[in-house]
Every structure is written in structure tokens, then in C-alpha cells.
There are 2 protein chains.
Amino acid sequence: MKVNKELLKGSTVILVLSLLNREPMYGYKMIKEIEKKSNGVFMFKEGTLYPILHSLEADGMIESYWLGNEGSRQRKYYRITNKGSNCLKERELEWVTFRSAVDKILTGEAYAWL
Amino acid sequence: MKVNKELLKGSTVILVLSLLNREPMYGYKMIKEIEKKSNGVFMFKEGTLYPILHSLEADGMIESYWLGNEGSRQRKYYRITNKGSNCLKERELEWVTFRSAVDKILTGEAYAWL
DNA sequence: ATCTATGCATCGTATACCTATGTATTATTG
DNA sequence: CAATAATACATAGGTATACGATGCATAGAT
């Protein structure tokens, strides 16, 4: 993790949902994808990701199914649900709001939108 | 708090240091300033801010001094130290790194800088 | 044959923000 | 003038969450 790990808190769910919103994927692949797409900034640990996936599934945000290409290893794929898709939209808005608020304070700018 | 409070984690220190980097300030004022500058997105609680201030002071990032304008109420002002100023620079870089990494994943873009 | 990478999973721990609470002063308002 | 709200500092305890460590198993590389 290149950045303060505390920064990551609160962003994990949106990152996972965003990945699954593009295509169904299995856990291990997500870890690699997030690392790749973030240029190594985020390196999710199994102990971080799997509990999130289980929790998102319990909340009906994602669904899982086992898949194995003829005789090969079984992988547990996840796909996003409608509920999860809606949740993602809210979270994206939330992220933009959060990001501008931090930027505003860091730049010393007040009362300006985006 | 308009956004998921978990998002805030890891950003509190940079917000406090950034405020104090402009001018010395006392705790209660910081809470109001952060709320105002973030357009109400961040509403720090006393239970959040004061422990952070004490911790930053213990780490030598900020210094405190009591000040009361002729007979008025005493306020505990904090000013940033050189160490704190350097820390802020690192944290700002970290924030930009984090922000672009999240944005990259949300937009699905890979291998692009800023 | 051994080591590395893949792939899923869980438990305990540390961190850190919030809630609740306490105390005291100053300003406002009926 | 009394009551209330705002100001101002502080801390204890609860809770959420990511991480470290660990375990198990298969597949590929050397």
C-alpha cells in the first residue's frame, strides 16, 4: 500500500462494486485488477477483500456462483445486482462530494463548487 | 456528516494540518472552519478533534499556547511546526496519489497518470 | 521435487472516529 | 434577571474496519 492505509477505509466497497459493475470477477482476480488499475497504490489483502465480498453478498449487493472451465480449478465468481448497482451510484456521488470537500480545504478555497 | 464517515478516516490529520498551515487556530474554531470550508460535508466532533490535536502535539507536529484577549476567555491556540509542515507536504502528495488511484478505478481507466 | 503463484477462507489485533458525558464561561433572549 | 444556547476544552468507552497471520488446496515453473 503506497498510501496511508487509513485513507483506504470507506473506499473499499466502492472499488469492489466498481470492478464488478464492469464484469463478473472472482476474488483473487479483483485483488490483482485493483493493484494493476491503481498502479500498485492499492494492494488488497485476502483478509480485507473476502470479508467485504461476503458482507456485500449478505446485503444483496452482489451474487456469487462457482465456475470452472472444463476440469480446471473452480473459482467463485461475483456479479453485481441491481441493488448493488444503485448503491454504487450513490457511493460515486459520495466520493465526488468527499473529494471536492478535501480539495477545498487543502487549497484553502471556500464556498466554491467543484 | 454528508458522506460515509469511514471515508473521512485517514484524512483528518491532513485537514487539521492544512488549516494550521494557514494560521494558528484553537480547536473549536477549527471545527467551525472545517465545516464552513467543506460546505457542511465535514462536521468534526470534539471527541474526534481534540484527541487528534493532543496526538499531533505529542508527535511534535503542532505546538499549543493559551491566549486570551484582555480579560476574555482563554483559548488554546495551536500552530504548526516545521516537522508538521513537512508532514503536511508528504500527506498532500499521498492524498493526490490516493485520489487519482480511486478515480482511475472508478473510471475504469488503467495506466494513465492523473 | 520443490518452490512460487493461484485461490478461498477466518481469527485476532490495532487503529481511529464517534457517542456520550462532564465542566465552565459567555452571549442571547424572553 | 433567569433560562437557554453557543462557546470551549477534555476524556472514557464503544464500534467499525483493514491488516497480519495462518491454514488449506491446486497448478505451474524450475
Side-chain angles (χ1 to χ4, degrees), chain A residues 1-16 24-36 38 41-59 62 64-78 91 98 101-102, chain B residues 1-17 24-36 38 41-59 61-62 64-78 91 98 101-102:
Chain A
M1 197 72 55
K2 280 183 185 171
V3 299
N4 182 341
K5 67 184 178 185
E6 290 303 321
L7 271 176
L8 183 61
K9 290 192 180 181
S11 315
T12 51
V13 168
I14 195 179
L15 295 178
V16 169
M25 211 177 286
Y26 55 95
Y28 193 83
K29 185 79 180 297
M30 288 183 220
I31 292 175
K32 301 302 169 190
E33 278 296 302
I34 287 175
E35 182 176 348
K36 187 173 126 187
S38 72
V41 174
F42 300 134
M43 293 165 72
F44 275 39
K45 313 298 178 196
E46 288 95 332
T48 301
L49 181 65
Y50 289 117
I52 290 174
L53 291 174
H54 300 158
S55 156
L56 282 175
E57 186 172 27
D59 290 343
I62 60 178
S64 69
Y65 52 97
W66 287 92
L67 205 70
N69 303 2
E70 56 261 25
S72 75
R73 158 178 302 191
Q74 291 291 304
R75 287 160 174 162
K76 196 174 184 179
Y77 279 78
Y78 290 90
R91 296 277 190 149
F98 170 76
V102 172
Chain B
M1 197 72 54
K2 279 183 185 170
V3 299
N4 182 340
K5 65 184 179 184
E6 290 303 321
L7 271 176
L8 184 62
K9 291 192 180 181
S11 316
T12 52
V13 168
I14 194 177
L15 295 178
V16 169
L17 287 180
M25 209 177 288
Y26 55 95
Y28 193 84
K29 185 77 180 299
M30 286 185 222
I31 292 175
K32 301 301 169 189
E33 279 295 303
I34 287 175
E35 182 175 348
K36 189 173 123 189
S38 71
V41 174
F42 299 133
M43 296 164 69
F44 274 39
K45 314 297 179 197
E46 287 96 332
T48 301
L49 181 65
Y50 289 117
I52 289 174
L53 290 174
H54 300 158
S55 155
L56 282 174
E57 186 173 26
D59 288 345
M61 302 292 186
I62 60 180
S64 68
Y65 51 98
W66 288 91
L67 205 70
N69 302 1
E70 55 262 26
S72 76
R73 159 178 298 188
Q74 292 290 305
R75 286 160 174 161
K76 196 173 184 181
Y77 280 79
Y78 290 90
R91 296 276 191 149
F98 170 75
V102 172

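The sequence lines fix the lettering, A, B, ..., with proteins before strands; numbering per chain opens at 1.
Residues Tyr65(A) and Pro24(A) have side chains in contact (heavy-atom distance under 4.5 Å, counting atoms from C-beta outward). In this structure the side chain of Tyr78(A) never reaches within 4.5 angstrom of the side chain of Val16(A), judged on heavy atoms. Side-chain contact between Tyr26(B) and Trp66(B): absent, with no pair of heavy atoms (C-beta onward) separated by less than 4.5 Å.
Residue contacts for Gly47(A): at a heavy-atom cut-off of 4.0 Å it reaches a base atom on one of the strands shown.
Taking atom CD1 of Ile31(A) as the reference point, atom P of dA9(C) lies 11 Å away to the nearest angstrom. Between the P atom of dC9(D) and the NZ atom of Lys45(B) lies a distance of 17 Å, rounded to the nearest Å. Regarding Glu35(B), its CD atom lies at a distance of 14 Å from the C1' atom of dT7(D), rounded to whole Å. At whole-Å resolution of the value, CZ in Phe44(B) and P in dC9(D) are 15 Å apart. Between Lys29(B) atom NZ and dT7(D) atom C1' there is a gap of 13 Å when expressed in whole angstrom units. The separation between Glu57(B) atom CD and dC9(D) atom C1' is 13 Å, rounded to whole Å. Counting to the nearest Å, the C1' atom of dG20(D) and the CG atom of Leu49(A) are 16 Å from each other. As rounded to whole Å, 16 Å separates atom P of dT7(D) from atom CE of Met30(B).
The main-chain N or O of Pro51(A) is never found under 3.5 Å from a side-chain atom of Ser55(A) such that the two would form a donor-acceptor pair.
At dA10(D), none of the side-chain N or O atoms of Tyr50(B) fall inside 4.0 Å of OP1 or OP2 (strictly under the cut-off). When the side-chain nitrogen and oxygen atoms of Tyr26(B) are compared with OP1 and OP2 of dC9(D), none of them lie within a distance under 4.0 Å. Side-chain nitrogen and oxygen atoms of Thr12(A) include none within less than 4.0 Å of the OP1 or OP2 phosphate oxygen of dT17(D).
Listed nucleotides: dA8(D), dC18(C), dC9(D). Nearest to the side chain of Arg75(B): dA8(D). Residue Tyr28(B) places its side chain closer to dA6(D) than to any other of dA18(D), dA10(D), dA6(D). When the nucleotides dA10(D), dC9(D), dC18(C) are ranked by their closest atom to the side chain of Thr48(B), dC18(C) comes out on top.
Summarising the geometry of Phe44(B) relative to Ile31(B), their closest heavy-atom pair is O-CG2, 3.3 Å, with the distance given to 0.1 Å.
Between Glu46(A) and Ile52(A), the one whose closest nucleotide on DNA chain D sits nearer the 5' end is Ile52(A). Along DNA chain C, the nucleotide nearest His54(A) and the nucleotide nearest Pro51(B) are compared for position; the residue whose nucleotide lies closer to the 5' end is His54(A). Across the interface with DNA chain D, nearest-nucleotide mapping of Tyr78(B) and Lys32(B) shows Lys32(B) to be the residue nearer the 5′ end.
On a pure distance criterion of 3.5 Å, a polar donor-acceptor pair joins the side chain of Arg73(B) and the base of dT7(D).
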